[in-house]
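Every chain is numbered from 1, with letters handed out A, B, ... down the list of sequences.
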There are 2 protein chains.
Amino acid sequence: MNYYPEKVEKLIEKLIKFPGIGPRSAERITHYIISEKEDIILSLAENLISVKKEVHLCKKCFNLSESEVCSICRDEKRERTLCVVEEVKDLVLIEKAGFKGLYHVLGGSISPLEKISPDKLTIPQLIERLKEEPVQEVIIATNPTPEGENTATYISEILKGMGIKHSRLGCGLPVGAEIEYVGTQTLKRAIEERKAL
Amino acid sequence: MNYYPEKVEKLIEKLIKFPGIGPRSAERITHYIISEKEDIILSLAENLISVKKEVHLCKKCFNLSESEVCSICRDEKRERTLCVVEEVKDLVLIEKAGFKGLYHVLGGSISPLEKISPDKLTIPQLIERLKEEPVQEVIIATNPTPEGENTATYISEILKGMGIKHSRLGCGLPVGAEIEYVGTQTLKRAIEERKAL
């Protein structure tokens, strides 16, 4: 049974598909949309369309970009260190952490279970890129999950074959965490990767 | 400093204005929008525009409606009991709790602090409506907040003057809470155990 006009129900259904949005939040957002000024909502709709139509993946690194090559790839002051990440959101977080090099966004991680093979990611493009574009080092910054670790190992083998210096993000205790609350696996890695003082 | 293309940053800024959406959720939603199929996002944008342009307030009760008079007001089987609520979302929740009468949406509550006087709400229209349209009873279902209680008292005085039987939602509503957040059963009890004023 519908309690709202059909168009409103449809909008709620679409908003529920957003990550982290449940039925109640979708209703609240819909009420916000109905009560907000018309020009604000029209500009939001236009913005949605323009992002969808005009924001593409950078031809070189697969970051989000309004032009063919993104602003990071076009920046000649960037250091020649290449950070390989799974997703654009990881790139943004590493950028916020102050990294000054270049990136390569894989578009996910290798997962035989989900039928994601290396050629479904941008790994072939990474290899081509490294042949043409010399870098000092590749930092493999995939997630420390089983899939991320597998992907890192796969890329590491290729880079070894190409004779390219590479590293993996350090693993251990998150800054500010308490030993009581980090998992056993994290603690295990923190012990393995302990640093002599 | 911008980490995303300008259009993406703008979209994130707009999403942050949604109720309950913080910067992180806005980023996650933006990533969802970029990775989702184009036709789904275009249909979402169209839906936003159509809701904004075609969903209006019912001429009689101020519920959301795609036509001049909403489906509840047009339903001749409805009981002649009029439930006065602050917002459309309250109407939907009372409807879900099984109420079979009619509604009147005030559009808020009287609040001298926020300069919301009775004439900024649909109280004048309620009075006109009650003169023309006889009802058996008016249930005042404003929130049990200071503003909602004030509004209820104000409406009650008018109804007394007009000689119209009326009541206030009673047992079940925890004082200080808002209708939006109490469960359906609580709301049902509040309707059953309403108190004559």
Side-chain angles (χ1 to χ4, degrees), chain A residues 1-8 10-15 17-21 24-25 27-58 63-67 70-72 87-89 91-93 95-96 107, chain B residues 1-8 10-11 13-15 17-21 24-25 27-57 63-67 70-72 87-89 91-93 95-96 107 180-181:
Chain A
M1 192 186 163
N2 284 3
Y3 294 102
Y4 287 111
E6 201 192 329
K7 286 194 174 72
V8 176
K10 276 190 183 164
L11 181 60
I12 292 174
E13 271 171 37
K14 282 171 190 153
L15 293 174
K17 289 185 188 151
F18 281 10
I21 302 297
R24 210 120 195 202
S25 309
E27 272 191 46
R28 289 179 63 210
I29 291 171
T30 303
H31 282 287
Y32 160 81
I33 288 162
I34 291 166
S35 59
E36 188 53 280
K37 283 179 198 138
E38 184 165 322
D39 57 343
I40 290 179
I41 302 307
L42 297 187
S43 129
L44 168 66
E46 267 168 37
N47 206 161
L48 269 174
I49 295 170
S50 69
V51 160
K52 196 62 211 169
K53 295 209 166 186
E54 291 163 40
V55 174
H56 308 284
L57 298 179
C58 167
N63 181 16
L64 299 179
S65 178
E66 288 178 53
S67 48
C70 78
S71 55
I72 295 175
E87 306 283 358
V88 174
K89 56 176 179 272
L91 178 158
V92 171
L93 290 167
E95 191 70 5
K96 284 181 182 170
Chain B
M1 191 186 162
N2 284 0
Y3 294 103
Y4 288 110
E6 202 193 329
K7 286 193 173 72
V8 176
K10 276 190 184 162
L11 181 60
E13 270 170 37
K14 281 171 190 152
L15 292 174
K17 289 184 189 149
F18 281 12
I21 302 295
R24 208 117 197 203
S25 309
E27 272 192 45
R28 289 178 62 210
I29 292 171
T30 303
H31 282 288
Y32 159 80
I33 287 162
I34 291 165
S35 59
E36 188 53 279
K37 284 180 198 137
E38 185 166 320
D39 57 342
I40 290 178
I41 302 306
L42 296 188
S43 127
L44 169 66
E46 268 169 36
N47 207 161
L48 269 173
I49 295 170
S50 68
V51 160
K52 197 64 214 167
K53 295 208 164 186
E54 293 164 40
V55 175
H56 308 284
L57 298 180
N63 181 17
L64 298 179
S65 177
E66 289 178 56
S67 48
C70 79
S71 55
I72 294 175
E87 305 283 358
V88 174
K89 56 178 180 270
L91 178 159
V92 171
L93 290 166
E95 191 68 8
K96 284 183 184 171
E180 189 178 354
Y181 299 108

Drop me the distance from [X]'s [atom1] to [Y]'s [atom2], to the nearest 0.5 angstrom.
X: I29(B); Y: I29(A); atom1: CD1; atom2: CD1; result: 6.0 Å
X: I34(B); Y: H56(A); atom1: CD1; atom2: NE2; result: 11.0 Å
X: K89(A); Y: Y4(B); atom1: NZ; atom2: OH; result: 8.5 Å

Item to complete: Name the member of V88(B), I41(B), I49(B) that forms the most heavy-atom pairs with chain A at distances under 4.5 Å.
Response: I41(B)
Side chain, backbone, both or neither of [X] within contact of chain A (heavy atoms, under 4.5 Å):
X: V8(B); result: both
X: I72(B); result: neither
X: S25(B); result: neither
X: E27(B); result: side chain
X: E6(B); result: both
X: L93(B); result: side chain

Worksheet item: Got more than 12 heavy atoms from elsewhere within 6.0 Å of CZ, R24(B)?
Response: no
Would you indicate whether the side-chain heavy atoms of [Y] and [X] approach each other to under 4.5 Å?
X: H31(A); Y: E87(B); answer: no
X: K53(B); Y: E38(A); answer: yes
X: L44(B); Y: F18(A); answer: yes
X: V51(B); Y: K10(A); answer: no

Worksheet, complete the sentence: side-chain hydrogen bond (donor to acceptor under 3.5 Å, both in side chains) filter on K52(B), not counting sequence neighbours, yields none
Item to complete: Could you tell me which residues satisfy side-chain hydrogen bond (donor to acceptor under 3.5 Å, both in side chains) with K14(B), sequence neighbours excluded, listed by chain and number?
Response: S43(A), N47(A)
Worksheet entry | Check: E95(A) side chain, Y3(B) main-chain N or O, donor-acceptor pair, under 3.5 Å | no
Practice prompt. Select one option (side chain, backbone, both, neither) describing which atoms of I21(A) are under 4.5 Å from chain B's heavy atoms.
Written response: side chain
Worksheet, complete the sentence: What one should report as the nearest heavy-atom pair of P5(A) and L64(B) is CG-O, 3.6 Å
Worksheet entry | Minimum heavy-atom distance between S50(B) and K7(A), given as atom pair plus value | OG-CD, 3.4 Å
